[in-house]
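First up is the structure itself, then whatever we jot down about it.
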Amino acid sequence: MNIILLGPPGSGKGTYARMLNAKYGFTVIGTGVILRSEIEKGTKLGKESEEFMKIGKLFPDELMAKIVAKKIDSIRNRKGLIFDGYPRTIKQAEFLDEYLESKEMKIDLVCDVLVPEKVAVERISGRWSCPKCGFIYHVKYIKPKTLGICDKCNKGLTQRADEKPGIVKKRFQEYHRLTEPLKEYYTTLGILKEVDGIGTPEEVFKRIVGLVDSIQKEKQ
Ligand code: AP5
Ligand code: MG
């Protein structure tokens with residue numbers, strides 16, 4: 001069962017990817033998470049990607065393809081994959097289809113999480129994450145037990161470098177220009193399902209689970 005989480009910045013892709021992992025044991029491939037970890041480690045890839053991330057632009061397709069292929073190859077757990085933030089361009093989608101086909105795999109479901117820009121911006125502005133386990137909190141909606149501290153790791157929570165309003169605006173522009181055309185791409189393939197992203201995280205997740213379960217049933 002391989003799933004793509006599609007949706008604008010702040011729609012909850014990272015949040016639902018984690019919840020899907022906890023419920024079904026599917027492995028998450030989060031390209032933003034991978035790039036941020038390379039930046040943190042100070043690698044060459046991290047330095048290159050930081051140049052794009054800090055201005056809200058997408059990292060080049062060819063480089064992203066290499067990262068994703070390597071990640072897919074490294075995964076031994078065959079239960080399923082969750083793509084969080086990949087693909088983001090038609091070229092990336094075509095590459096992913098071809099690559100998965102070469103491994104006799106395919107995408108079963110694309111969840112398009114629908115959230116108005118205003119709501120997504122508010123969610124991004126209140127987001128704090130754990131630098132150790134990556135758990136995503138929100139000051140109002142997903143609060144840690146102690147303000148500013150991760151419930152699991154006891155580490156101080158941090159905000160991302162690309163949360164500044166000007167960069168968020170650019171990330172939305174990139175989303176509309178380059179990622180939204182994927183909706184038509186996956187609609188044509190018959191695997192796109194829209195999910196209302198308004199509601200509590202649990203309510204939205206329940207909608208996603210409904211889709212995953214019905215597709216799992218079809219596959220049996
Ligand atoms: P990436 O890290 O993927 O960022 P993004 O797509 O902009 O999305 P976000 O991570 O900001 O939001 P999200 O949808 O994951 O929401 P979250 O769960 O955090 O990419 C960053 C950059 O990396 C890109 O700009 C680009 O430069 C580069 N990059 C990455 N992938 C790339 C690719 N494929 N190609 C090229 N470049 C790439 O939720 C947001 C907040 O809302 C949280 O605080 C959460 O707790 C809260 N929340 C979640 N659900 C709810 C709810 N139902 N109600 C209330 N609050 C909620
Ligand atoms: Mg994310």
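The structure displayed is predicted, hence computed values, not measured ones. Counting starts at 1 for both ligands and their atoms, in listed order. Reckoned from all heavy atoms, side chains included, excluding hydrogens, waters and symmetry mates.
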Task: Part of R160 with heavy atoms under 4.0 Å of ligand 1, whether side chain, backbone, both or neither - done: side chain
Task: Per-residue contact class, K13 against ligand 1 - non-hydrogen pairs under 4.0 Å - done: both
Open item on the list: Give the atom numbers and elements of ligand 1 that come within less than 4.0 Å of a heavy atom of I136.
Closed with: 18 (O), 19 (O), 43 (C), 44 (O), 45 (C), 46 (O)
Open item on the list: Hydrophobic clustering (ILVMFWY, side-chain heavy atoms < 4.5 Å, transitive) - are F205 and I82 grouped together?
Closed with: yes
- [ ] Before signing off on this row, confirm whether P87 and ligand 1 have an N or O atom pair separated by under 3.5 Å.
- [x] no
Task: ligand 1 versus L35: contacting region, heavy-atom distance under 4.0 Å - done: side chain
TODO: Kindly write out the residues that satisfy ring pair (Phe, Tyr, Trp, His ring centres under 6.0 Å) with Y137, not counting sequence neighbours, or none if the list is empty.
DONE: F135
Open item on the list: Taking 4.0 Å as the limit for heavy-atom contacts, which would you say applies to D61 with ligand 1: side chain only, backbone only, both, or neither?
Closed with: neither
TODO: Can you figure out which of M53, R171, R88 has its heavy atom closest to atom 20 (O) of ligand 1?
DONE: R88
Open item on the list: Show the atoms of ligand 1 that are less than 4.0 angstrom away from any heavy atom in Y141.
Closed with: 55 (C), 56 (N)
Open item on the list: Distance alone, cut at 3.5 Å: any donor-acceptor contact between the side chains of Y16 and N21?
Closed with: no
Task: Parallel, tilted or perpendicular: rings of F83 and Y86 (30°, 60°) - done: tilted
Open item on the list: Between the side chains of R177 and E174, is the shortest nitrogen-to-carboxylate-oxygen separation below 4.0 Å, so that they form an ion pair?
Closed with: yes
- [ ] Taking only heavy atoms of Y16 into account, list the atoms of ligand 1 that are under 4.0 Å away from them.
- [x] 50 (N), 51 (C), 52 (C), 53 (N)
Open item on the list: Using a 4.0 Å heavy-atom cut-off, which part of Y137 comes near ligand 1: side chain, backbone, both, or neither?
Closed with: backbone
TODO: Indicate whether the side chain of Y141 and that of E122 have a donor and an acceptor atom separated by less than 3.5 Å.
DONE: yes
